[in-house]
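Note that ligands are numbered from 1 as they come in the structure, with each ligand's atoms numbered from 1 the same way.
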Amino acid sequence: MTKIILTGDRPTGRLHLGHYVGSLKRRVELQNSGDFDKVYIMIADAQALTDNADNPEKVRQNIIEVALDYLSCGIDPAKSTIFIQSQIPELCELSFYYMNLVTVSRLQRNPTVKTEIKMRNFEANIPVGFFTYPISQAADITAFNATTVPAGEDQEPMIEQAREIVRRFNNTYGDTLVEPEILLPDNAACLRLPGTDGKAKMSKSLGNCIYLSDTAEEVSKRVKTMFTDPDHLRVSDPGKVEGNTVFTYLDAFCHAEHFGKYLPEYPNLDELKAHYRRGGLGDVKVKKFLDAILQEELAPIRNRRKEYEQDIPAIYDMLKRGSEAAREVAASTLARVRHSMRIDYFTDTQLIAEQAQSYKSQL
Ligand code: TRP
């Protein structure tokens, strides 16, 4: 069976470590695995506009940031098609037809939409475009016949909704669309990396993110001030590992070989945690370890970014070519959709012939 990936990000800011462990890193592995026939990575500018309608400049400026982050993480345009959502008008048409297959109450029950409406204080005046973005996301996925959507767990309700739309469409109009599956990160700590302040979500407005483009100094500073166990006051005190952000980050980033390199007195993370729990292990030492690991992971990304930043027009060229290639695929899905929905009048010779016949026989 053909295996196709589609995933994407809203261009509302630079990408951070949460994006990286939750999705980017995995995408690069999947891209390089050879298991997939096609990989599409979409910069979801039209979706970003659903709650930034009054700030198109922000979206416009961040397209290049997201593209640079992709490339510097190792997404390779020779293997993956990177494109810009708004440049594929076929997606709007698909959304328009899918809207007939979804009820308002079903959208209201979408947990991600619910939380996001609260977060943005939209309750009384939700933009229709924002409210319906799960439908547009179903169009993004199905336009490319995606079987697999690698994403964080916050996207689960979106994929579920897309699956429902596919089933409804296929039941109503005949087998046409491919039902996608979400591919979650395999490490539980990567499902949702907390902010450096221990808050549940990394967000620009909270200032608790480590960005992929941060300098080495900025990364160290964030690690130094990272939230730990507030009751772990003296080195000798027993400490808590659960809810301790430094350990959550270690769960997400640390591998066996890091110990040999940076902390040879411990054989593995379990032993480090055990010592912390017993007492006698200071935050500074654990933070230094995490800092070394993050620096090792981020330095090559930062360096590649510097190189790509030297030729911005080449990146726009790549995005243009990607968008053109993506558009062809979306157009062919749309043609199939129109055919299944019986709105392909001019190419439907049978319809014309039958109607001609029936009018003739009335003569
Ligand atoms: N909703 C995703 C985000 O907030 C972006 C996105 C748009 C997406 N369309 C998609 C992700 C389709 C996966 C598949 O980051």
Response to the item:
Near Met42 (heavy-atom distance under 4.0 Å), the atoms of ligand 1 are 7 (C), 9 (N), 10 (C)
Discussion item. To check your reading of the model: name the closest protein heavy atom to atom 9 (N) of ligand 1, its residue, and the distance in Å.
Written reply: Asp140 OD2, 2.8 Å
Worksheet item: Looking only at heavy atoms, which two atoms of Ile293 and Cys254 are closest? And how far apart?
Response: CD1-CB, 3.9 Å
Discussion item. Just by distance, no angles: are the side chains of Ser80 and Tyr70 close enough, under 3.5 Å, to form a donor-acceptor pair?
Written reply: no
Worksheet item: Under 4.5 Å between any side-chain heavy atoms of Phe131 and Gln108, yes or no?
Response: yes
Discussion item. Please list, in number order, the atoms of ligand 1 under 4.0 Å from a heavy atom of Leu6.
Written reply: 12 (C), 14 (C)
Discussion item. One pair to check against side-chain hydrogen bond (donor to acceptor under 3.5 Å, both in side chains): Glu354 and Gln350. What are the steps and the verdict?
Written reply: CA-CA 6 Å; Glu354 273 171 15; Gln350 198 190 343; 3.0 Å; yes
Response to the item:
A student checking ligand 1 against Gln155 at a 4.0 Å heavy-atom cut-off should list atoms 1 (N), 2 (C), 3 (C), 4 (O)
Practice prompt. Starting at OG1 of Thr81, measure out to CD1 of Ile4 and round the result to the nearest 0.5 Å.
Written response: 10.5 Å
Worksheet item: Of the protein's non-hydrogen atoms, which lies at the shortest distance from atom 8 (C) of ligand 1, and what is that distance?
Response: Gln137 NE2, 3.5 Å
Item to complete: Any atoms of ligand 1 less than 4.0 Å from a non-hydrogen atom of Val149? List them with their elements.
Response: 13 (C), 14 (C)
Worksheet entry | Protein residue, atom and distance nearest to atom 4 (O) of ligand 1, heavy-atom basis | Arg10 NE, 3.2 Å
Response to the item:
Atoms of ligand 1 under 4.0 Å from any heavy atom of Ala44, numbered from 1 in the order shown, are 7 (C)
Item to complete: Kindly assign one of parallel, tilted or perpendicular to the pair Tyr40 and Phe83, based on the angle between their ring planes and the thresholds 30° and 60°.
Response: perpendicular
Discussion item. Counting non-hydrogen protein atoms only, what is the nearest one to atom 1 (N) of ligand 1? Give residue, atom name and distance.
Written reply: Gln47 OE1, 2.8 Å
Item to complete: Apply side chain to side chain contact (heavy atoms under 4.5 Å, CB included) to the pair Tyr20 and Asp69, showing each step before the final yes or no.
Response: CA-CA 9 Å; Tyr20 182 66; Asp69 285 331; over 6 Å; no
Worksheet item: Within less than 4.0 angstrom of ligand 1, does Gly8 place any heavy atom?
Response: yes
